[in-house]
Amino acid sequence: MIVTLIAALAGDRVIGEASGRIPWDHPRDRDHFRARTAGHWLLVGRSTYAEMEGWFGERTPIVLTRDAAFHPFSPAHRLASSVPAALDLARANGVTELFVCGGATVYAASLPHADRIILTRLSLSLQVSEPVHFPDFASDGGWRLQSLEHWPAGEGTSPARLETHVRTGK
Ligand SMILES: NC(=O)c1ccc[n+]([C@@H]2O[C@H](COP(=O)([O-])OP(=O)(O)OC[C@H]3O[C@@H](n4cnc5c(N)ncnc54)[C@H](OP(=O)(O)O)[C@@H]3O)[C@@H](O)[C@H]2O)c1
């Protein structure tokens with residue numbers, strides 16, 4: 001099973017605010033995220049899951065939480081109390097690619113298991129009072145940039161780079 005982290009980042013690897021909000025709206029990135037994850041199993045932290053309520057459609061989220069009493073919005077949504085337990089659950093259900101969709105703590109906990117990272121780097125510098133960040137994955141040197149696509153500025157949206165990184169030696 002391939003484990004893919006997928007995220008959108010502003011400058012300084014900011015992915016959102018501690019209060020639980022993504023402080024931008026980028027329609028092209030939204031379309032890209034929808035298309036890449038369509039029909040797939042996703043791994044999301046309990047906070048991100050709450051933010052995405054009503055969005056999942058035909059996707060199957062595994063909600064990461066240590067709260068054994070937590071109730072998902074739908075009986076079709078699954079729970080796991082650790083990243084290894086989530087990976088086992090996905091594998092047991094025949095999943096061939098699991099998309100890790102955040103937030104910050106889940107990206108960090110999943111990184112050691114990741115094969116691929118798909119990042120939208122938005123050319124945005126934000127003033128965010130309590131930013132949360134994507135992990136500094138590149139500092140361990142174990143990744144290489146496999147593909148790069150430039151997105152020009154759109155109507156009211158910033159330009160962006162779509163990067164795919166793969167683990168070296170895999
Ligand atoms: N830009 C992007 O692409 C993107 C994508 C997704 C989210 N975000 C942003 O990220 C922020 C949320 O991130 P966050 O870190 O605060 O919250 P989060 O990762 O979405 O959820 C945190 C919760 O997940 C559970 N959890 C996390 N790691 C776990 C582990 N290893 N084992 C078991 N349970 C675990 C815990 O739930 P319990 O407390 O229930 O145990 C924890 O409180 C928001 O601002 C959101 O908008 C951005």
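This structure is a prediction, so every number in the text was calculated from the model and none was measured. Both counts, for ligands and for their atoms, begin at 1 and track the order of listing.
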Residues which pass salt bridge (Lys or Arg N to Asp or Glu O under 4.0 Å) with D25, listed by chain and number, not counting sequence neighbours: R30
W55: which of F33, Y49, F73 passes ring pair (Phe, Tyr, Trp, His ring centres under 6.0 Å): F33
Side chain, backbone, both or neither: R66 near ligand 1, heavy atoms under 4.0 Å: both
Protein residue, atom and distance nearest to atom 7 (C) of ligand 1, heavy-atom basis: T48 OG1, 3.3 Å
Ligand-side contact atoms (ligand 1) for residue partner A7, heavy atom cut-off under 4.0 Å: 3 (O)
Nearest protein heavy atom with distance in Å, relative to atom 48 (C) of ligand 1: I15 O, 3.0 Å
Any N/O pair T105/ligand 1 closer than 3.5 Å: yes
Distance-only N or O hit between ligand 1 and W24, under 3.5 Å: no
Which of the ligand 1 atoms, numbered from 1, are nearer than 4.0 Å to a heavy atom of V132: 10 (O), 11 (C), 45 (O)
Heavy-atom nearest option to atom 45 (O) of ligand 1, drawn from H133, E17, H26: E17
Min N/O separation A104 to ligand 1 under 3.5 Å: yes
Nearest option to atom 29 (C) of ligand 1, as decided by whichever heavy atom of L64, D67, L119 sits closest: L64
Residues that H32 engages under side chain to side chain donor-acceptor pair (under 3.5 Å), provided they are two or more places apart: none
Short N or O distance, A8 and ligand 1, threshold 3.5 Å exclusive: yes
Region of S19 that comes within reach of ligand 1 [heavy atoms, distance under 4.0 Å]: neither
Heteroatom proximity flag, G103 to ligand 1, N/O under 3.5 Å: yes
Salt-bridge contact R28-D31 (side-chain N to carboxylate O under 4.0 Å): no
Which of the ligand 1 atoms, numbered from 1, are nearer than 4.0 Å to a heavy atom of V106: 19 (O), 27 (C)
Contact with ligand 1 for Y107, non-hydrogen, under 4.0 angstrom: yes
